[in-house]
Asks: 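Got a structure for you, questions after.
Chain identifiers are assigned alphabetically (A, B, ...) following the order of the sequence lines, protein sequences preceding nucleic acid strands; residue numbering begins at 1 within each chain.
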Amino acid sequence: MPELPEVEVVRRGLAAWASGRTVASVEVRHPRAVRRHLAGAADFAAQLTGERLGLARRRGKYLWLPLEGPSGRAVLAHLGMSGQLLVQPEDAPDEKHLRVRLRFDDAAGTELRFVDQRTFGGLSLHDTVPGSADALPDVISHIARDPLDPAFDEAAFHAALRRRRTTVKRALLDQSLISGVGNIYADEALWRSRLHFDRPTAGLTRPRTAELLTHIREVMNEALAAGGTSFDSLYVNVNGESGYFDRSLDAYGREDEPCRRCGTPMRRSPWMNRSSYFCPRCQRPPRV
DNA sequence: AGATCGACCTGGCCGC
DNA sequence: TGCGGCCAGGTCGATC
């Protein structure tokens, strides 16, 4: 399940192996992999063909490549739950769940593939926000900056938490408040912060918000370091299991296992059609 | 406008 | 062994 660190590793791979190349052809093998394109997959392919790809960018879990032509557009990617962007030799066998293939007009001998078992992810083509330095696609202008972005506004984030009538984990997963955090990193950061997922955000003090952000950044940077080590090959080859799943998680998936701080058995609570893992002793639920 | 919830999707796993 | 059903979960759009 790619969250911010995994997506950043993919971005670096794209910057190294796809940016600067010109698209020779696009093959869409599954219509659902092309998103929000009313004119259809064939038109998507036609629009992209002949375009030179600019430097790969990322905000939260979204990735995009600005097109260097005069259109001022960008090709946007979201990996969803199971998406991968792979730079593969042109003669490598097709993956079972290959959805989109981009061939290039150079002699590098590699192509870019979007592979996605569950098709929650996809590619799309968008206008970019006028004047934005990083060619932000207009459809993701509602996505907040992520906590690793130097321009992330901590004071504004805290103010938004205080204003909202919601709970802390819901807020962490709300990509319009802070982006890049998914279920796994939310649970990890909350455990490190000794915060129960159901704590109201309105009661958070500024130091508590600062501590939470510090832990989010720590867990993401550790994951990035782990994922980065697997990125030394010729190919972008990253998925939700990149590196981070090899290291031990402190909260996620550890139901009934001892808390690494106090030894109390960890718990799993059903939460918004998914699960929250927490230590019932270190992370006390709020009084109702 | 803010909050909530269902739909989307497929493979792995569990229980009968 | 086979099969049905559940689970994983990020995002968007509909609804209140």
Asks: For A:Arg268, answer base if it contacts any base atom (sugar-phosphate contacts may also be present), sugar-phosphate if it contacts only those atoms, and nothing otherwise; contact means non-hydrogen atoms under 4.0 Å.
Replies: sugar-phosphate

Asks: Between the protein and nucleotides 5-8 of chain B, which nitrogen or oxygen pairs come in under 3.5 angstrom?
Replies:
from: B:dC8; atom 1: O3'; to: A:Arg32; atom 2: NH1; distance (Å): 3.2

Asks: Rounded off to whole Å, could you give me the CD-to-C1' distance for the A:Gln175 and B:dT4 pair?
Replies: 17 Å

Asks: If only side-chain N and O atoms count, and only distance matters, is there a donor-acceptor pair under 3.5 Å linking A:His126 with A:Thr128?
Replies: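 The criterion, which ignores hydrogens and geometry beyond distance, is not satisfied for A:His126 and A:Thr128.
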
Asks: Return the polar atom pairs (N/O with N/O) between nucleotides 12-14 of chain C and the protein under 3.5 Å, or none.
Replies:
from: C:dC12; atom 1: OP1; to: A:Arg36; atom 2: NH2; distance (Å): 3.3
from: C:dC12; atom 1: OP1; to: A:Tyr62; atom 2: OH; distance (Å): 2.6
from: C:dC12; atom 1: OP2; to: A:His142; atom 2: NE2; distance (Å): 3.4

Asks: Would you kindly give the CG-to-C1' distance between A:Asn183 and C:dT11, to the nearest whole Å?
Replies: 14 Å

Asks: In whole angstrom, give the distance that lies between atom CG of A:Leu79 and atom P of B:dT10.
Replies: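 Nearest whole value for this atom pair: 18 Å.
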
Asks: When you measure from the side chain of A:His97, which nucleotide among C:dT11, B:dC9, B:dG11 comes out closest?
Replies: B:dG11

Asks: Quick one: the side chain of A:Arg164 and the base of B:dG2, do they pair up donor-acceptor inside 3.5 Å?
Replies: no

Asks: Ignoring backbone atoms, test whether A:Thr166 places a side-chain nitrogen or oxygen under 4.0 Å from the OP1 or OP2 oxygen of B:dG2.
Replies: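 Looking at the OP1 and OP2 atoms of B:dG2, neither is under 4.0 Å from any side-chain N or O of A:Thr166.
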
Asks: Under 6.0 Å from the six-membered ring centre of A:Trp191 and within 45° of its axis: does the NZ or CZ of A:Arg254 meet both?
Replies: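 No - A:Arg254 does not lie over the ring of A:Trp191 by the 6.0 Å and 45° rule.
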
Asks: Do A:Ser124 and A:Arg36 get their side chains close enough for a donor-acceptor pair, meaning under 3.5 Å?
Replies: no

Asks: Any side-chain to backbone donor/acceptor pair from A:Ser193 onto A:Ala189? Under 3.5 Å, distance only.
Replies: yes

Asks: Decide whether A:Gln88 and A:Glu95 meet the rule of one side-chain donor and one side-chain acceptor closer than 3.5 Å.
Replies: yes

Asks: How many whole angstroms separate atom CG of A:Asp116 from atom C1' of C:dG9?
Replies: 13 Å

Asks: Will you find, in the side chains of A:Ser179 and A:Lys61, an N or O donor that is under 3.5 Å from an N or O acceptor?
Replies: no

Asks: What is the distance, to the nearest angstrom, from the CZ atom on A:Arg118 to the C1' atom on B:dC9?
Replies: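 From A:Arg118 CZ to B:dC9 C1': 7 Å.
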
Asks: Check whether any side-chain N or O of A:Arg11 sits under 3.5 Å from a backbone N or O of A:Arg57 as a donor-acceptor pair, and report yes or no.
Replies: no

Asks: Specify the separation, in whole Å, of atom CZ of A:Arg59 and atom C1' of C:dG10.
Replies: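 Between C1' of C:dG10 and CZ of A:Arg59: 18 Å.
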
Asks: Roughly, in whole Å, what's the span from NZ in A:Lys96 to P in B:dC9?
Replies: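 Rounded to the whole Å, the gap is 17 Å.
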
Asks: Check this one for me: any side-chain N or O of A:His78 less than 4.0 Å away from OP1 or OP2 of C:dT11?
Replies: yes

Asks: Any side-chain donor paired with an acceptor under 3.5 Å for A:Arg59 and A:Ser141?
Replies: no

Asks: What is the distance from CG of A:Asp198 to C1' of B:dA3, rounded to the nearest Å?
Replies: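 Value for this atom pair: 14 Å.
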
Asks: Looking at A:Arg58 and A:Glu3, is any side-chain nitrogen of the basic one under 4.0 Å from a carboxylate oxygen of the acidic one?
Replies: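 No salt bridge links A:Glu3 with A:Arg58.
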
Asks: Within the distance-only criterion (no hydrogens, no angle test), does the side chain of A:Gln283 pair as donor or acceptor with the backbone N or O of A:Leu195 below 3.5 angstrom?
Replies: yes

Asks: Do any N or O atoms from the side chain of A:His37 and from the backbone of A:Ala39 form a donor-acceptor pair under 3.5 angstrom?
Replies: no

Asks: Respond yes when some side-chain nitrogen or oxygen of A:Gln117 is under 4.0 Å from OP1 or OP2 of B:dC9, and no when none is.
Replies: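 Looking at the OP1 and OP2 atoms of B:dC9, neither is under 4.0 Å from any side-chain N or O of A:Gln117.
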
Asks: Taking only Lys NZ, Arg NE, NH1 and NH2, and the carboxylate oxygens of Asp or Glu, determine whether A:Asp116 and A:Arg99 approach each other closer than 4.0 Å.
Replies: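 No, no charged N to carboxylate O under 4.0 Å.
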
Asks: Over its full length, what angle do the end axes of the helix from B:dG2-C:dC16 to B:dC16-C:dG2 make, each axis taken from five pairs and the result rounded to 10 degrees?
Replies: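 One end's axis against the other's: 50°.
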
